[in-house]
Q: 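Pasting a structure below so you can have a look.
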Amino acid sequence: MLDRLIPQEDEDASKELAKAFDRAGIELELGKQCTAVEETGSGLVVRYGDDESVEADLMLVSVGRAPLVSGIGLEEAGVAFDTRKGVGADDRRRTSVPHIYAVGDCAGYWQLAHTAFREGEVAAENACGHDAAVGEPAVPRPIYTHPEVAGVGLTEAQAREEYGDDVAVGRFPWIANARAVMQAETVGWVKSIHETRYGELLGVVIVGPHATDLIEAAVVAIDAESTVEIVADGMAPHPTLSEGIKEAGLLALGRAIHMPNRKPRAAAAAASS
């Protein structure tokens, strides 16, 4: 129903995915709502928008998910919950009943398997008498489309909303990466986003081959509060796809060695005048 694919992800990633779908012959109907589905005996007629329809063999309904927390005894146990948000739990995953813990999709936070793993570790440690907290980790956002999409930290729009003009972005295309060319997988890019006052890395977005694997390097960097210089100056093995993260950082710093560097805005304005 929204006006772009993967609307919570970086807008450039949405555009790249839409272009890839178009090349694959996938027709997109965005900003429209399904109003009815009719069985014909041999297939389906899906109605949407303003009296529009399409015939199909199958229909995949993917409209998110909600926690199932009613009728399982939470009321009797005294555990506070909301039918829409799920079980309430703090950063140690304790519920309103201190010796009962909740993790994963039923307990809000993020509905992702890898966040549930970490929440389970934290809950188990606390249940065994230790002291652990989830905190505010860098949570990777993998999307298993083709091409793959993955992000961590802030999107470019979020970074600019929070830091204004003190944001620098570098976008390194896979066509300039030797390993991607060898594999004939050159669709997409790596985007590096940092704030320019201290150079702290704010976010990384990847579209293309093995994006969901590569994003882990950016997760570690953001969790460690790394600067973009640390990422850009680190040695990446060649030829590998992992070079893309380093190269995006170099582009953001204006120090690219495998791509032409953009002229600073002020210098470009002076040149044109």
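Just so you know, these numbers use all the heavy atoms, side chains as well, and skip hydrogens, waters and symmetry mates.
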Q: If I compare all heavy atoms of Asp91 with all of Gly135, which pair ends up nearest, and what's the gap?
A: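 Taking Asp91 first and Gly135 second, the nearest heavy atoms are CB-N, 4.3 Å.
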Q: Using the rule side-chain hydrogen bond (donor to acceptor under 3.5 Å, both in side chains), only one of Lys32, Gln33, Glu29 pairs with Tyr48; which is it?
A: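 Among the candidates, only Glu29 passes.
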Q: Looking at Met182, I want to see if its CE is surrounded by more than 12 non-hydrogen atoms of other residues, nucleotides or ligands under 6.0 Å.
A: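 Check passes, neighbour count above 12.
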Q: At their closest point, which heavy atom of Lys191 faces which heavy atom of Asp12, and how far apart are they?
A: NZ-OD2, 2.7 Å
Q: Within a strict 4.5 Å, meaning less than it, do heavy atoms of the Glu225 and Glu200 side chains meet?
A: yes
Q: Assess the residue pair Val231 and His194 against the criterion (side-chain contact (heavy atoms from CB on, under 4.5 Å)); give the C-alpha distance rounded to whole Å, side-chain angles, the decisive distance to 0.1 Å, and a yes or no.
A: CA-CA 11 Å; Val231 175; His194 73 273; over 6 Å; no
Q: Can you find a pair of side-chain heavy atoms, one from Tyr101 and one from Val87, that are under 4.5 Å apart?
A: no
Q: Going only through I, L, V, M, F, W and Y residues with side-chain contacts under 4.5 Å, is there a path from Leu202 to Leu253?
A: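 Different clusters: Leu202 never reaches Leu253 through Ile, Leu, Val, Met, Phe, Trp or Tyr contacts under 4.5 Å.
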Q: Within a 6.0 Å radius of atom CD on Glu161, are there more than 12 heavy atoms belonging to other residues, nucleotides or ligands?
A: no
Q: Does Ser53 form a side-chain contact (heavy atoms from CB on, under 4.5 Å) with Glu38? I'd like the steps, not just the answer.
A: CA-CA 10 Å; Ser53 65; Glu38 302 164 3; over 6 Å; no
Q: What heavy-atom pair brings Ile193 and Ala159 nearest, and what distance separates the two atoms?
A: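 So the two residues come closest at CG2-CB, 3.7 Å.
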Q: Backbone N or O of Val122 within a donor-acceptor pair of the Asn126 side chain at under 3.5 Å?
A: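 Here the side-chain-to-backbone pair exists.
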Q: For the residue pair Glu185 and Pro147, establish whether any side-chain heavy-atom pair is separated by less than 4.5 Å.
A: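 A side-chain contact is absent here, since even the closest heavy-atom pair is not under 4.5 Å.
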Q: I need the Tyr163 OH to Arg197 CZ distance, nearest 0.5 Å.
A: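 Going from OH on Tyr163 over to CZ on Arg197, the span is 11.0 Å.
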Q: Mind listing the closest non-hydrogen atom pair of Val204 and Ile215 along with its distance?
A: O-CD1, 3.8 Å
Q: Between Leu17 and Val207, is any pair of side-chain heavy atoms under 4.5 Å apart?
A: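 Of all side-chain heavy-atom pairs linking Val207 with Leu17, none is under 4.5 Å.
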Q: Would the distance check show the side chain of Trp189 and the main-chain N or O of Ala248 forming a donor-acceptor pair, the cut-off being under 3.5 Å?
A: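 Here the side-chain-to-backbone pair does not exist.
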Q: Can you tell if the side chain of Thr196 reaches within under 4.5 Å of the side chain of Asp166, non-hydrogen atoms only?
A: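 In contact.
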Q: Spell out, as yes or no, whether a donor-acceptor pair under 3.5 Å connects the side chain of Glu119 to the backbone of Gly104.
A: yes
Q: Apply salt bridge (Lys or Arg N to Asp or Glu O under 4.0 Å) to the pair Asp131 and Arg92, showing each step before the final yes or no.
A: CA-CA 8 Å; Asp131 185 26; Arg92 284 163 172 74; 2.7 Å; yes
Q: Could you check whether atom OH of Tyr144 has more than 12 heavy atoms from other residues, nucleotides or ligands sitting under 6.0 Å from it?
A: yes
Q: Do the side chain of Arg93 and the main chain of Ala107 share a donor and acceptor less than 3.5 angstrom apart?
A: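 Such a contact is found between Arg93 side chain and Ala107 backbone.
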Q: Is the number of heavy atoms from other residues, nucleotides or ligands within 6.0 Å of CG (Leu30) greater than 12?
A: yes
Q: Can you tell me if Asn261 uses its side chain to pair, donor with acceptor, with the backbone of Ala256 under 3.5 Å?
A: yes
Q: Under a 3.5 Å distance rule, please check whether Ser192 uses its side chain to pair with a backbone N or O of Gly170 as donor and acceptor.
A: no
Q: Quick check: closest heavy atoms across Glu229 and Gly199, and the distance to 0.1 Å?
A: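 Shortest heavy-atom contact: OE1-O, 4.1 Å.
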Q: Counting only heavy atoms not in Glu55 (residues, nucleotides, ligands), do more than 12 fall under 6.0 Å from its CD?
A: no
Q: Examine distances only and state if a side-chain atom of Ser96 and a backbone atom of Gly78 form a donor-acceptor pair shorter than 3.5 Å.
A: yes
Q: Are Val205 and Arg171 side-chain neighbours, meaning at least one heavy-atom pair lies under 4.5 Å?
A: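 No; the side chains remain at least 4.5 Å from each other.
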Q: Specify the closest pair of heavy atoms between Pro140 and His114, including all atoms of both residues, with the distance to one decimal.
A: O-NE2, 2.9 Å
Q: Less than 4.5 Å apart, side chain to side chain, heavy atoms only: is that true for Arg179 and Glu243?
A: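 Of all side-chain heavy-atom pairs linking Glu243 with Arg179, none is under 4.5 Å.
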Q: Given side chains that start at C-beta, do those of Arg4 and Leu2 come closer than 4.5 Å, heavy atoms only?
A: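 Heavy-atom side-chain distance check fails, nothing below 4.5 Å.
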Q: Is it the case that the side chain of Thr95 and the backbone of Ile100 share a donor-acceptor pair, with hydrogens and angles ignored and the cut-off at 3.5 Å?
A: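 Yes, because the side chain of Thr95 sits within donor-acceptor range (under 3.5 Å) of the backbone of Ile100.
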Q: I'd like to know if the side chain of Arg65 and the backbone of Gln111 have a donor-acceptor N/O pair within less than 3.5 Å.
A: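 Yes: the side chain of Arg65 pairs with the backbone of Gln111.
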Q: Do NZ/NE/NH1/NH2 and the carboxylate oxygens of Asp233 and Arg255 come within less than 4.0 Å?
A: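 Judged by the 4.0 Å cut-off on N to carboxylate O distance, Asp233 and Arg255 do form a salt bridge.
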Q: Hey, is the main chain of Met235 close enough, under 3.5 Å, to the side chain of Lys246 for a donor-acceptor pair?
A: no
